Amino acid sequence: MPELPEVEVFGQYIQATSLHKKIVKVTVQDERILENISADNLAEKLKNKSLQSLKRYGKYLFVRISGDDEIYLMLHFGMSGNVKYFRDIEQQPSHMRIRLEFENGYYLGIISQRLLGKVGIVDDLQKFLEDKELGGDALNIDFDTFKELLSHKRGNIKSALMDQHLMAGVGNIYSDEILFQSKIHPACDVSSLNLSQKKTIFQQMKQVLQIAIQCSSEPDNFPDEWLLRNRNVDAKCPRCGDNIMRTKISGRSAYFCPTCQKQ
DNA sequence: GGTAATGTTAGACT
DNA sequence: TAGTCTAACATTAC
């Protein structure tokens with residue numbers, strides 16, 4: 001799930017459930033998702049503190065931890081992450097790797113089925129983002145910057161949209177939707193795009209991400225004319241009815257309509 | 001049992 | 001040298 005819209009929704013979820021509650025215990029069930037920190041150290045940083053506020057940057061979520069020092073709980077969800085606020089320990093979610101216990105008896109579980117997510121503590125947000133060499137957040141980037149970035153880029157447009165060094169937040173799923181809405185083939189070479197096509201992609205990127213957030217990133221809520229309502233090889237194009245096709249681009253599955261998205 | 005899955009990145013390649 | 005591409009990571013679900 002977790003591309004920019006999902007991460008934004010996870011942030012809203014944490015905000016609605018888990019802020020300003022004293023953390024009484026931290027349980028790390030699998031240390032493999034920890035980034036540059038030990039389980040003991042993570043627990044020490046969080047114990048007797050509370051979660052204060054949220055910032056999202058690309059696919060990263062930073063949760064401000066209470067206290068004089070400006071430090072953040074960093075969450076990255078990889079390909080299969082999630083968060084869950086729950087009370088009954090008997091019904092804790094499967095694949096939960098880290099669990100915060102609050103004073104009120106509730107828990108916040110950090111789930112990572114495939115262990116590709118990352119959790120850590122960040123004390124210098126600016127430096128963290130620089131070290132990761134992330135581009136601007138996809139929802140904040142302006143067209144002049146977008147255009148400039150693409151002008152130095154080679155290869156296909158789908159990979160460019162997914163390149164977190166160019167801009168942060170778009171992944172495999174949403175790049176498909178952005179290109180479907182833009183009526184541009186995912187394998188299209190960036191250097192062959194004219195100004196008007198770049199403008200369209202830029203506008204669709206903003207629109208697709210914003211609408212996805214408004215839909216709580218639930219595919220069932222997505223507009224009928226979206227590819228993502230039915231992103232599979234048996235689907236028909238919601239625009240022209242042709243068969244949706246799948247191909248490999250940069251090692252990832254790309255779904256597209258061969259009629260609407262000519263190369 | 002084979003295949004694919006929404007991300008990132010080290011190392012190979014151009 | 002720097003940008004691009006590929007394979008690997010670990011696990012589960014179909």
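Quick note on labels: first sequence line is chain A, next is B, and so on, each numbered from 1. Bear in mind that the values here come from a model prediction, so they are computed numbers and not experimental data.
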- [ ] Starting from C1' on B/dA5, measure out to CZ on A/Arg252 and report it in whole angstrom.
- [x] 8 Å

Open item on the list: Quick check on C/dT11: is either OP1 or OP2 less than 4.0 Å from any side-chain nitrogen or oxygen of A/Ser80?
Closed with: no

TODO: Using a 3.5 Å limit on both pairing distances, list the dot-bracket string of DNA chain C from the 5' end; Watson-Crick and G-U wobble pairs count, crossing pairs take [ ], interstrand pairs take |.
DONE: .||||||||.||||

Task: A/Lys49 side chain near A/Glu44 side chain, heavy-atom distance below 4.5 Å - done: no

TODO: Just call it for A/Lys118: base, sugar-phosphate, or nothing, with non-hydrogen atoms closer than 4.0 Å on any strand.
DONE: nothing

Task: Short side-chain to backbone donor-acceptor contact, A/Lys25 and A/Leu100, under 3.5 Å - done: no

Task: Distance in angstrom units between A/Glu133 CD and C/dA2 C1', rounded - done: 12 Å

Task: Spacing of A/Asp30 atom CG relative to C/dA10 atom P, expressed in whole Å - done: 11 Å

Task: Electrostatic pair A/Arg56:A/Asp137 at N-O distance under 4.0 angstrom - done: yes

Task: Check: A/Asn194 main-chain N/O paired with A/Gln197 side-chain donor or acceptor under 3.5 Å - done: yes

Task: Distance, P atom - from C/dA7 to B/dT3, rounded to whole angstrom - done: 15 Å

TODO: Tell me which residues in residues 200-234 of chain A put a heavy atom below 4.0 Å from DNA chain B, sorted by number, or none.
DONE: A/Arg231

Open item on the list: On the nucleotide B/dT8, are OP1 or OP2 found under 4.0 Å from the side-chain N or O atoms that A/His76 carries?
Closed with: yes

- [ ] Indicate yes or no for a side-chain donor-acceptor contact from A/Arg246 to the backbone of A/Ala254 under 3.5 Å, with no hydrogens or angles considered.
- [x] no

- [ ] With P as the reference atom in both, quote the distance from B/dG11 to C/dA10 in angstrom, rounded to an integer.
- [x] 15 Å

Open item on the list: So, OP1 or OP2 of C/dT4: does either fall under 4.0 Å of a side-chain N or O from A/Lys153?
Closed with: yes

Open item on the list: In whole Å, I'd like the distance from the CD1 atom of A/Ile173 to the C1' atom of B/dA4.
Closed with: 12 Å

TODO: May I ask you to verify if any side-chain N or O of A/Tyr174 is less than 4.0 angstrom from the OP1 or OP2 atom of B/dG7?
DONE: no

Open item on the list: Just to be sure I understand the rule, does A/Gly171 reach a base, reach only the sugar-phosphate, or reach nothing, if contact means heavy atoms closer than 4.0 Å?
Closed with: sugar-phosphate

Open item on the list: Output the rounded distance in Å from CE (A/Met79) to P (C/dA10).
Closed with: 13 Å

- [ ] Taking only Lys NZ, Arg NE, NH1 and NH2, and the carboxylate oxygens of Asp or Glu, determine whether A/Lys132 and A/Glu35 approach each other closer than 4.0 Å.
- [x] yes

Open item on the list: Check this one for me: any side-chain N or O of A/Arg154 less than 4.0 Å away from OP1 or OP2 of C/dA2?
Closed with: no

- [ ] Quickly, which of A/Leu108, A/Val122, A/Leu73 forms a side-chain contact (heavy atoms from CB on, under 4.5 Å) with A/Val63? Name it, please.
- [x] A/Leu73

Task: Nucleotide nearest A/His95 when distance is taken to its side chain, options C/dA10, C/dT12, B/dA4 - done: C/dT12

TODO: May I ask you to decide if A/Tyr85's main-chain N or O and A/Tyr13's side chain share a donor-acceptor pair within less than 3.5 Å?
DONE: yes

TODO: Could you tell me whether a side-chain N or O of A/Asp69 sits under 3.5 Å from a main-chain N or O of A/Ile71, the two making a donor and an acceptor?
DONE: no

Open item on the list: Please confirm whether the shortest side-chain N or O distance from A/Lys248 to OP1 or OP2 of B/dA4 is below 4.0 Å.
Closed with: no

Open item on the list: Expressed as a whole number of angstroms, how long is the span from A/Asp163:CG to C/dT4:P?
Closed with: 8 Å

Open item on the list: By nearest atom, which of the nucleotides B/dG7, B/dT9, C/dT11 is closest to the A/Lys132 side chain?
Closed with: B/dT9

Open item on the list: Measure CG/A/Leu116 against C1'/B/dT9 and give the value in whole Å, please.
Closed with: 11 Å

Open item on the list: Mind checking if A/Ser112 touches a base, just sugar-phosphate, or nothing, with heavy atoms under 4.0 Å?
Closed with: nothing

TODO: Ignoring hydrogens and angles, tell me if any N or O in the side chain of A/Ser217 forms a donor-acceptor pair with the backbone of A/Pro5 under 3.5 Å.
DONE: yes

- [ ] Answer yes when A/Lys158 and A/Asp176 have at least one side-chain N-carboxylate O distance shorter than 4.0 Å, and no when they do not.
- [x] yes

Open item on the list: Nearest whole Å is fine: how far is B/dT8 C1' from A/Met167 CE?
Closed with: 17 Å

